Participant: 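Mind looking over this structure? Questions follow.
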Amino acid sequence: MNIADLRKSYEKAELSESASHSDPLKQFDQWLKEAISGELPEPNAMTVATVGPDLRPSTRVVLIKGFDERGIVWYTNYQSRKGSELAGNPFAALQFHWVELERVVRIEGRVERVSAEESDAYFHSRPLDSRIGAWASPQSQVIDSRAVLVTNAAKYGAQFLLNPPRPPHWGGFRLVPDRWEFWQGRKSRLHDRLRYRLEGGAWVRERLAP
């Protein structure tokens, strides 16, 4: 099999200016709801791209945990690679890829930490094992073996029992968008791409060539 010969014709839908929202947040809300109602696998999964001090980009998949007019929220270890890179360069890009709908959403903007109150509220809504895991895993650090994680989980489980507090190194990030792009696959690779960019406090919608 030659992977260069793998091809797909995108013919499920279209994305026009007249049928899309002038507000990108409303367009995102519509597409996300359609991905969820379509029972796609992990419709809330998104790729986060950051850039380190060496100017090397890196990506990872996380789960969106909320969105509103303030931005897109996810939670993580602040001492992880992405946390460290965002501390040095507070800009990131997000991408959702809903393969079954032949759709991609790209979002770019500045990243800030959510409030301690928001992080506390979300942390305490998580399953107990996940809360213990936030203490047990020194995310992105080199460890000798999986036994380190198991030992840490047992230690913190015994220490905190049913009420582990939120670790000081764990919390939420919010990306405040200044650019969105909605991509809908079309036949003959003539895809629909609508970009929204913030200009003077208002969103400007533009069509991009595929």
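Reckoned from all heavy atoms, side chains included, excluding hydrogens, waters and symmetry mates. In this text the structure is predicted, and so the values were computed from the model without any measurement.
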Participant: Within the side chain of Arg193, is there an N or O that forms a donor-acceptor pair under 3.5 Å with the backbone of Leu208?
Facilitator: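 Answer holds: no.
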Participant: For a side-chain hydrogen bond (donor to acceptor under 3.5 Å, both in side chains) check, start with the C-alpha distance between Glu85 and Thr50, then their side-chain angles and the critical distance, and finish with the verdict.
Facilitator: CA-CA 6 Å; Glu85 290 182 345; Thr50 57; 2.4 Å; yes
Participant: Where does the angle between the aromatic ring planes of Trp135 and Tyr156 fall among parallel (under 30°), tilted (30 to 60°) and perpendicular (over 60°)?
Facilitator: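 Tilted: the ring planes of Trp135 and Tyr156 meet at 30° to 60°.
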Participant: Would you say Arg70's side chain and Arg174's backbone share a donor-acceptor pair under 3.5 angstrom?
Facilitator: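 Absent.
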Participant: Run Lys65 and Tyr122 through side-chain hydrogen bond (donor to acceptor under 3.5 Å, both in side chains) and show every step you take.
Facilitator: CA-CA 9 Å; Lys65 292 301 179 180; Tyr122 175 69; 3.3 Å; yes
Participant: Would you say the side-chain atoms of Ser20 pair up with the backbone N or O of Glu17, donor to acceptor, closer than 3.5 Å?
Facilitator: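 Pair found, side chain donor or acceptor close to backbone of Glu17.
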Participant: Taking Arg126's backbone N and O only, do any of them form a donor-acceptor pair with Arg131's side chain (distance below 3.5 Å, no angle check)?
Facilitator: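 Side chain of Arg131 to backbone of Arg126: a pair is present.
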Participant: Test the Arg197-Trp203 pair against the cation-pi criterion, namely NZ or CZ under 6.0 angstrom from the six-membered ring centroid and within 45° of the ring axis.
Facilitator: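 No, Arg197 does not lie over the aromatic ring of Trp203.
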Participant: Any side chain to side chain donor-acceptor pair (under 3.5 Å) pairs touching residues 105-114, not counting sequence neighbours?
Facilitator: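 Every side chain to side chain donor-acceptor pair (under 3.5 Å) pair that includes a residue of residues 105-114, provided the two are not neighbours, is Arg106-Glu181.
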Participant: Are the side chain of Ser137 and the backbone of Ala134 linked by a donor-acceptor contact shorter than 3.5 Å?
Facilitator: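 Not confirmed, Ser137 side chain does not pair with Ala134 backbone.
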Participant: Is there a donor-acceptor pair under 3.5 Å between the side chain of His169 and the backbone N or O of Asn77?
Facilitator: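 No; zero donor-acceptor contacts below 3.5 Å.
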Participant: Could you tell me whether the side chains of Glu11 and Ser9 share a donor-acceptor contact shorter than 3.5 Å?
Facilitator: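 Checked: Glu11/Ser9 side chains pair up, N/O donor to acceptor below 3.5 Å.
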Participant: Is there a donor in the side chain of Glu34 and an acceptor in the side chain of Ser37, or the other way round, less than 3.5 Å apart?
Facilitator: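 No pair is found: no donor N or O on one side chain lies under 3.5 Å from an acceptor on the other.
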Participant: Is a side-chain donor-acceptor pair under 3.5 Å present for Arg60 with Ser58?
Facilitator: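 Short answer, yes.
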Participant: Are the aromatic rings of Phe173 and Tyr78 close, with centres under 6.0 Å apart?
Facilitator: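 Yes: the rings meet the under 6.0 Å criterion.
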Participant: When clusters are formed by joining ILVMFWY residues with side-chain heavy atoms under 4.5 Å apart, either directly or through shared neighbours, do Val111 and Val62 land in the same one?
Facilitator: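 In one cluster: yes.
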Participant: If only atom types and distance count, is the side chain of Thr59 paired as donor or acceptor with the main-chain N or O of Val48 below 3.5 Å?
Facilitator: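 Not confirmed, Thr59 side chain does not pair with Val48 backbone.
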Participant: Does the Arg207 side chain pair with the main chain of Arg195, one donor and one acceptor, at a distance under 3.5 Å?
Facilitator: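 The answer is no, because no donor-acceptor pair under 3.5 Å joins these two groups.
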Participant: What heavy-atom pair brings Ser80 and Thr76 nearest, and what distance separates the two atoms?
Facilitator: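 Looks like OG-OG1, 3.9 Å.
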Participant: Which one of Leu63, Ile64, Leu175 satisfies the side-chain contact (heavy atoms from CB on, under 4.5 Å) criterion with Met46?
Facilitator: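 Testing Met46 for a side-chain contact (heavy atoms from CB on, under 4.5 Å) against Leu63, Ile64, Leu175 leaves exactly one candidate, Ile64.
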Participant: For Glu102 and Lys12, indicate whether the former's side chain and the latter's backbone hold a donor-acceptor pair under 3.5 Å.
Facilitator: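 Confirmed, Glu102 side chain pairs with Lys12 backbone.
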Participant: Could you tell me if the side chain of Tyr196 sits less than 4.5 Å from the side chain of Arg179, heavy atoms only?
Facilitator: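 The answer is no; the side chains never approach within 4.5 Å.
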Participant: With under 30° as parallel and over 60° as perpendicular, where do the rings of Trp98 and Phe96 fit, or are they tilted in between?
Facilitator: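 Trp98 vs Phe96 ring planes: tilted.
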Participant: Restricting to ring-ring contact (aromatic ring centres under 6.0 Å, His included), what partner residues turn up for Trp170, sequence neighbours left out?
Facilitator: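 In terms of ring-ring contact (aromatic ring centres under 6.0 Å, His included), with neighbours along the sequence ignored, Trp170 is linked to Tyr75, Phe123.
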Participant: Please check this pair: side chain of Gln184 against backbone of Leu101, looking for a donor-acceptor N/O pair closer than 3.5 Å.
Facilitator: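 Checking the backbone N and O of Leu101 against the side chain of Gln184, a donor-acceptor pair under 3.5 Å is found.
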